[in-house]
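Read through the structure below, which is laid out as structure tokens, and then see the notes.
Proteins come first, then strands; the chains are lettered A, B, ... in the order of their sequence lines, and each starts at number 1.
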2 protein chains.
Amino acid sequence: MDSQLFQEIEMLHQRICQALGDPKRLMILYLLNQRPRNVGELALELETPQPTISHHLKILRERSLVKMRKEGTIAYYTLADVRVIEALDLLRSILRDSIAVQAQLAEFSALKAEQNDTE
Amino acid sequence: MDSQLFQEIEMLHQRICQALGDPKRLMILYLLNQRPRNVGELALELETPQPTISHHLKILRERSLVKMRKEGTIAYYTLADVRVIEALDLLRSILRDSIAVQAQLAEFSALKAEQNDTE
DNA sequence: TATAAATATTTACAGAGGTTAATGTAATGG
DNA sequence: CCATTACATTAACCTCTGTAAATATTTATA
């Protein structure tokens with residue numbers, strides 16, 4: 001029963017989640033969500049050496065998260081599936097809420113410390 | 001402009017996406033989505049030493065992806081936000097589609113090879 | 001053909017992070 | 001008070017992986 005789930009999650013990790021585990025690759029995906037770009041543009045915008053960008057793009061390509069089309073010597077990269085951004089936006093909403101909660105907790109602690117001071 | 005996006009994605013990576021980059025942690029999240037469990041249960045079901053599970057739970061706790069409540073010596077862990085699973089399911093749907101496409105490509109290649117053989 | 005531009009690949013290196021064993025801590029029962 | 005159970009922490013080891021430099025490949029152009 002569960003070995004089915006195990007296998008699927010193993011693939012989910014190897015093919016997608018691991019690819020999302022790097023900040024540069026997240027940035028690449030968000031930039032490609034705005035519009036297609038070539039390798040040089042990405043290298044400039046992320047202030048990162050071109051071979052590094054190519055390396056990350058290779059990983060994203062192998063996992064079918066981006067698509068490439070070549071025109072002459074220029075390689076244009078596109079987002080393969082918008083649902084990646086949808087998923088990342090979902091995770092960002094979780095992030096915002098958890099930050100908000102932590103801010104509230106900090107405020108509460110500060111208030112409590114203030115009360116203890118006046119006692 | 002973009003430095004705003006850069007910062008937010010940096011946080012998204014440090015707090016959430018990096019946490020999803022390990023298969024054991026993905027499994028823990030999916031198991032907790034079924035029902036709350038304690039550390040021992042997770043260690044048994046994932047066939048993993050207890051300190052390893054504790055380590056992963058610490059990471060998930062620090063990033064507000066799971067919640068803990070203690071009853072005596074037993075620590076019960078719960079999913080903090082169901083949207084994590086929603087996001088992961090979205091990614092799984094991408095995975096399924098990309099696998100389907102690859103299967104079609106493989107079939108197409110096989111067909112083509114067969115045609116070349118008969119020529 | 002020679003040169004330049006754009007991208008990919010290879011190699012080596014360094015750092016981050018997962019695993020394990022040993023140890024520490026806290027709560028429960030005898 | 002001691003032993004046990006359940007979990008957390010620490011430290012050492014090791015693998016994985018991101019980075020950068022050098023090189024290779026491909027295409028266009030003179």
Scan for salt bridge (Lys or Arg N to Asp or Glu O under 4.0 Å) pairs involving residues 19-34 of chain A, sequence neighbours excluded, and state none if there are none. none
Here the salt bridge (Lys or Arg N to Asp or Glu O under 4.0 Å) pairs for residues 76-95 of chain B, sequence neighbours left out, are E8(A)-R92(B), D97(A)-R83(B), D81(B)-R83(B), D89(B)-R92(B)
I need the residues from residues 64-77 of chain B with at least one non-hydrogen atom less than 4.0 Å from DNA chain C; give them sorted by number, or say none. G72(B), T73(B)
Toward the 5' end of DNA chain D, which comes first, P49(A) or S54(B), by nearest nucleotide? S54(B)
List the atom pairs, with distances to 0.1 Å, where a side-chain N or O of residues 9-18 of chain A and a protein N or O form a donor-acceptor pair under 3.5 Å, not counting sequence neighbours.
from: H13(A); atom 1: NE2; to: G21(B); atom 2: O; distance (Å): 2.7
from: R15(A); atom 1: NH2; to: S98(B); atom 2: OG; distance (Å): 3.3
from: Q18(A); atom 1: OE1; to: R63(A); atom 2: NH2; distance (Å): 3.1

Looking only at N and O atoms, is any donor in the side chain of Q50(B) or the base of dA8(D) less than 3.5 Å from an acceptor on the other one? yes
Any idea which heavy atoms bring A87(A) and L90(B) closest together, and the distance? N-CD1, 3.8 Å
T78(A): what forms a side chain to side chain donor-acceptor pair (under 3.5 Å) with it, not counting sequence neighbours? none
Tell me, please, which residues at least two apart from S54(B) pass side chain to side chain donor-acceptor pair (under 3.5 Å). Q50(B)
Quick one: hydrophobic cluster around I74(A), which other residues, with the 4.5 Å side-chain cut-off, linked directly or via members? Y76(A)
Hydrophobic cluster mates of I59(A), side-chain heavy atoms under 4.5 angstrom, ILVMFWY only, any path? none
Just to verify, what does E71(B) make a salt bridge (charged side-chain N to carboxylate O under 4.0 Å, His left out) with, not counting sequence neighbours? R69(B)
Reading DNA chain C 5' to 3', which nucleotide is the first, and which the last, to come under 4.0 Å of any heavy atom in chain A? dA6(C) to dT9(C)
What integer distance in Å separates L60(B):CG from dA8(D):C1'? 15 Å
K67(B): what forms a side-chain contact (heavy atoms from CB on, under 4.5 Å) with it, not counting sequence neighbours? A80(B)
Report, as a single string ordered 5' to 3', how protein heavy atoms within less than 4.0 Å touch nucleotides 10-18 of chain D: B base, S sugar-phosphate only, - not at all. -------SS
